[in-house]
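Numbers here are sequence positions counted from 1.
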Amino acid sequence: MIEKETKMLSWNEMSPLEQAQCQYWDMYKDAYGVRPRGVDTTSWTLEQFDAEFETLAVVIQREEEQRKINETEAAVRFEAQLVDLMKSGARTRESAIAWVHDAEGSNGDDEYLCFLLGLRYGYFRTV
């Protein structure tokens, strides 16, 4: 069996419907954290995509607001944990952070620790 070679189109080479389909996949992931499964958009019109984009935009905004709240709460918990560790024997903030790295198994990777603890990325570069 000979497989047909598929050429990837650039954005400008795509039709407006193909562009809308790509945008839908990206927005859906932004809204729900996963790509859509079992959704057949091949028969959708641009108007149907536009209506879905409006709905997804609301979900994305709501999720963004919740993400910021969650990250703020995670930072409060993390800073309290550092205070507790310093009361328990960590001599410096850096030592306390190293202890948290050890406990979380993040191997000193600050960005991975952010992921594990729900902190915003870059947290350790600005604190």
>> Rounded to the nearest 0.5 Å, what separates atom CZ in Phe49 from atom CD in Gln23?
In response: 9.5 Å
>> I'd like to check Glu13 versus Met8 (side-chain heavy atoms, cut-off strictly below 4.5 Å). Are they in contact?
In response: no
> Considering all heavy atoms of both residues, which atom of Glu52 and which atom of Tyr24 are nearest to each other, and what is their separation?
Replying inline: CG-CE1, 3.4 Å
> Which pair of heavy atoms, one from Cys114 and one from Arg120, lies closest together, and at what distance?
Replying inline: SG-O, 3.4 Å
>> Go through it in stages, so that I can follow the logic: the residues are Glu64 and Arg67, the test is salt bridge (Lys or Arg N to Asp or Glu O under 4.0 Å), and I'd like the CA-CA distance, side-chain angles, deciding distance and then a yes or no.
In response: CA-CA 5 Å; Glu64 178 66 13; Arg67 181 189 60 80; 2.3 Å; yes
> Is the count of non-hydrogen atoms from other residues, nucleotides or ligands lying under 6.0 Å from Tyr121 atom OH greater than 12?
Replying inline: yes
> For the residue pair Arg91 and Met86, what are the closest heavy atoms and their distance?
Replying inline: O-CE, 4.3 Å
> Going hydrophobic residue to hydrophobic residue with side-chain gaps under 4.5 angstrom, can you get from Trp25 over to Val59?
Replying inline: yes
> Do Asn12 and Ser10 have side-chain N/O donor and acceptor atoms under 3.5 Å apart?
Replying inline: no
>> For the backbone of Gly122 and the side chain of Glu111, can you confirm whether one donor and one acceptor N or O come within less than 3.5 Å of each other?
In response: yes
> Between Leu117 and Arg77, what is the shortest heavy-atom contact and its length?
Replying inline: O-NH2, 4.4 Å
> What is the ring orientation for His101 with Phe124, classed by angle as parallel under 30°, tilted 30 to 60°, or perpendicular over 60°?
Replying inline: tilted
> What's the spacing between Ile60 CD1 and Tyr32 OH if we round to 0.5 Å?
Replying inline: 9.0 Å
> So which heavy atom on Trp99 is nearest to which on Ala90, and how close?
Replying inline: CH2-N, 3.2 Å
> Just how far is it from atom CG of Leu82 to atom CD of Glu94, taken to the nearest 0.5 Å?
Replying inline: 10.0 Å
>> Just to verify, what does Thr92 make a side chain to side chain donor-acceptor pair (under 3.5 Å) with, not counting sequence neighbours?
In response: Ser95
> When you look at Trp44 and Val39, which way does the side chain to side chain contact (heavy atoms under 4.5 Å, CB included) test go after all the steps?
Replying inline: CA-CA 11 Å; Trp44 287 17; Val39 179; 4.0 Å; yes
> How far apart are the closest heavy atoms of Leu9 and Glu18, and which atoms are they?
Replying inline: CD1-OE1, 4.0 Å
> Between Asn107 and Asp109, is there a donor-acceptor pair closer than 3.5 Å when you use the side chain of the first and the backbone of the second?
Replying inline: no
>> Please determine whether residues Leu119 and Val76 belong to a single hydrophobic cluster, defined as Ile, Leu, Val, Met, Phe, Trp and Tyr linked transitively by side-chain heavy-atom distances below 4.5 Å.
In response: no
>> Please determine whether side chain to side chain contact (heavy atoms under 4.5 Å, CB included) holds for the pair Gln61 and Val58, giving the CA-CA distance in whole Å, both sets of side-chain angles, and the decisive distance to 0.1 Å.
In response: CA-CA 5 Å; Gln61 181 62 37; Val58 170; 5.9 Å; no
> How many angstroms lie between CG in Leu113 and CZ in Phe78, if you round to the nearest 0.5 Å?
Replying inline: 5.5 Å
> Nearest 0.5 Å, what's the OG-OH distance between Ser106 and Tyr112?
Replying inline: 8.0 Å
> Could you state the interatomic distance from OG1 (Thr45) to CG (Leu17), rounded to the nearest 0.5 Å?
Replying inline: 7.5 Å
